[in-house]
Amino acid sequence: MLEKIKAIGAEIDAATASDASEVEALRIKYLSKKGIISSLMNDFRTVPAEQKREIGQALNELKTRATERINVLKEACEAGGNAAGSLDLTRTAAPVALGSRHPLSLVREQIIDIFRRLGFTIAEGPEIEDDWHVFESLNFAADHPARDMQDTFFIGRQPDVLLRTHTSSVQTRVMTSQKPPIRIICPGRVYRNEAISARAHCFFHQVEALYIDKNVSFADLRQTLLYFAREMFGPQTDIRLRPSYFPFTEPSAEMDISCDLCGGKGCSFCKGTGWVEILGCGMVDPNVLSACGIDPNEYSGFALGMGIERITNLKYRVKDLRLFSENDVRFLDEFTAAH
């Protein structure tokens, strides 16, 4: 696969374009969702575990090279077009304001990039799900409160069709269709039947990670979490794990990071504790492995999940969750420099 990546890289470096339509054709060919690089990303899941780090880095570099080359060609075509007298005289004389990326998109891509460096690939699944993938396969008891109407949006009159409440349903789909080793991240939107306020919403975004292989331990989970925290929040960040409970992991933990406002000394943001909670995690429960057709006597694994809004709040100090979905351009303009 490395040879294929090198060949495509050479092809990208030699690419030329004489007008904007040819530049767009190159972008679609290499960078679109059905483009060459996306296809390579999908093939990455079949790469042997010992090669994932090297090939993952090569894929990220290839995507960067393609983006930079296409931007160079685009700028050259725009400059050449104006020089050739193709200036659009109907265009307004007022400056055209550029848009900005949504803060959730910025943080989502940063999280994905960190886990890609560890060899994780992206897995996606449907937002309209069935009870087995969302609850039963994940060891939720039949009378678990999450199944109630107060927590879940059920669709129509069918009791087993619902809007997913977490992206863990993607993990079960992968586990039932792919043999270990499995190393995936599952970003996506989820839904819960909650009152909308500054601190809660009926929909939000998650990123979950799953790693299953032989001899995976809690130490592997902790090192992954420490690497993520320091890449996301800075090398000075410390973490701590507190015992918790989730139906699909055992043992389970909540992870806190040291407050970057007070340096762990205690302030109003961290409520005087010096710590801020950011995610839940744990070792995959053997019952979940068995339900998905994986032998728990041969394989083990860990899972973790975080709300993207929570991470965005910590990075940008956004106090009202409703701002993320109101599309107020005054709010979005604040993130122009964060690209």
Side-chain angles (χ1 to χ4, degrees), residues 33 94-115 122 124-129 146 150-153 162-170 185-209 228-234 237 239 254-263 266-281 304-339:
K33 288 185 177 180
V96 177
L98 295 176
S100 58
R101 296 191 66 190
H102 197 282
L104 294 181
S105 296
L106 293 171
V107 173
R108 177 183 181 272
E109 290 305 312
Q110 188 175 357
I111 294 171
I112 290 173
D113 183 60
I114 292 171
F115 279 97
I122 296 177
E124 297 179 330
E127 295 182 4
I128 298 177
E129 268 289 7
Q150 288 76 14
D151 280 348
T152 305
F153 287 108
L162 54 121
L163 294 177
R164 66 184 182 189
T165 58
H166 48 197
T167 54
S168 302
S169 57
V170 181
I185 49 173
C186 314
R189 180 179 288 187
V190 298
Y191 305 84
R192 294 182 188 173
N193 193 0
E194 297 183 3
I196 298 174
S197 68
R199 299 177 62 85
H201 212 291
C202 62
F203 70 84
F204 55 98
H205 302 79
Q206 283 187 334
V207 173
E208 298 192 25
F228 166 74
R230 291 184 172 174
E231 289 294 304
M232 176 61 71
F233 298 103
T237 306
I239 68 170
E254 301 275 2
M255 188 185 96
D256 303 331
I257 60 169
S258 53
C259 179
D260 60 350
L261 285 184
C262 64
C267 64
S268 58
F269 183 76
C270 62
K271 300 179 180 178
T273 65
W275 298 93
V276 182
E277 178 187 327
I278 67 166
L279 58 81
C281 60
L304 60 96
M306 69 193 85
I308 299 179
E309 282 85 348
R310 177 63 172 165
I311 305 299
T312 307
N313 282 342
L314 294 176
K315 287 185 69 69
Y316 298 122
R317 306 293 185 252
V318 180
K319 297 182 178 179
D320 192 333
L321 284 177
R322 292 169 293 191
L323 291 172
F324 289 129
S325 56
E326 289 177 348
N327 292 325
D328 189 325
V329 294
R330 296 169 297 180
F331 170 70
L332 298 177
D333 284 344
E334 297 178 16
F335 300 91
T336 302
H339 293 187

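Quantities reported herein were computed from a predicted structural model and do not represent experimental measurements.
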Grab the two heavy atoms, one from Leu321 and one from Ala200, that are nearest each other, plus how far apart they are.
-> CD1-N, 3.5 Å
Side chain proximity check, Phe203 to Glu127, heavy atoms < 4.5 angstrom | no
Value rounded to 0.5 Å, distance of CZ in Phe115 from CG in Asp113 = 11.5 Å
Can you tell me how far CD of Gln110 sits from OG1 of Thr312, rounded to the nearest 0.5 angstrom?
-> 9.5 Å
Any luck finding a side-chain donor-acceptor pair between Glu194 and His201 under 3.5 Å?
-> no
Stepwise side-chain contact (heavy atoms from CB on, under 4.5 Å) test for Met255 and Leu279 | CA-CA 5 Å; Met255 188 185 96; Leu279 58 81; 3.6 Å; yes
Decide yes or no on side-chain contact (heavy atoms from CB on, under 4.5 Å) for Asn313 and Val318, but give the supporting numbers first.
-> CA-CA 5 Å; Asn313 282 342; Val318 180; 3.4 Å; yes
With Val170 as reference, evaluate Glu124, Arg164, Glu208 under the side-chain contact (heavy atoms from CB on, under 4.5 Å) test and give the passing residue.
-> Arg164
Heavy-atom closest pair (Leu304 atom, Cys281 atom, distance to 0.1 Å) is CB-CB, 3.7 Å
Please lay out, stage by stage, how Ile311 and Phe233 fare under the test side-chain contact (heavy atoms from CB on, under 4.5 Å).
-> CA-CA 10 Å; Ile311 305 299; Phe233 298 103; 3.9 Å; yes
Inter-residue atom distance Lys315.NZ - Ile308.CD1, 0.5 Å rounding = 13.0 Å
Would you say the side chain of Ile239 lies within less than 4.5 Å of the side chain of Ile257, judging by non-hydrogen atoms?
-> yes
How far apart are the closest heavy atoms of Thr167 and Cys186, and which atoms are they?
-> OG1-O, 3.2 Å
Whether over 12 other heavy atoms sit under 6.0 Å from Arg330 CZ | no
Approximate separation, where rounding is to 0.5 Å, of His205 NE2 and Ile111 CD1 = 11.5 Å
Is a donor on one side and an acceptor on the other found under 3.5 Å between the side chain of Arg192 and the backbone of Thr165?
-> yes
Is a side-chain donor or acceptor of His102 paired with a backbone partner of Phe324 at a separation under 3.5 angstrom?
-> yes
Closest non-hydrogen contact found for Pro187 with Arg108 is CG-NH2, 3.5 Å
Quick one: closest heavy-atom pair of Val190 and Gln206, and the distance?
-> CG1-OE1, 3.8 Å
Determine the minimum heavy-atom distance between Leu104 and Glu309, stating which atoms define it.
-> CD1-OE2, 3.7 Å
How many angstroms lie between atom CG of Asp256 and atom OG1 of Thr273, to the nearest 0.5 angstrom?
-> 7.5 Å
Rounded to the nearest 0.5 Å, the CG atom of Leu332 sits from the CZ atom of Arg101 at a distance of 12.5 Å
Take Trp275 and Ser258 through the test side-chain contact (heavy atoms from CB on, under 4.5 Å) and record every step on the way to the result.
-> CA-CA 5 Å; Trp275 298 93; Ser258 53; 4.2 Å; yes
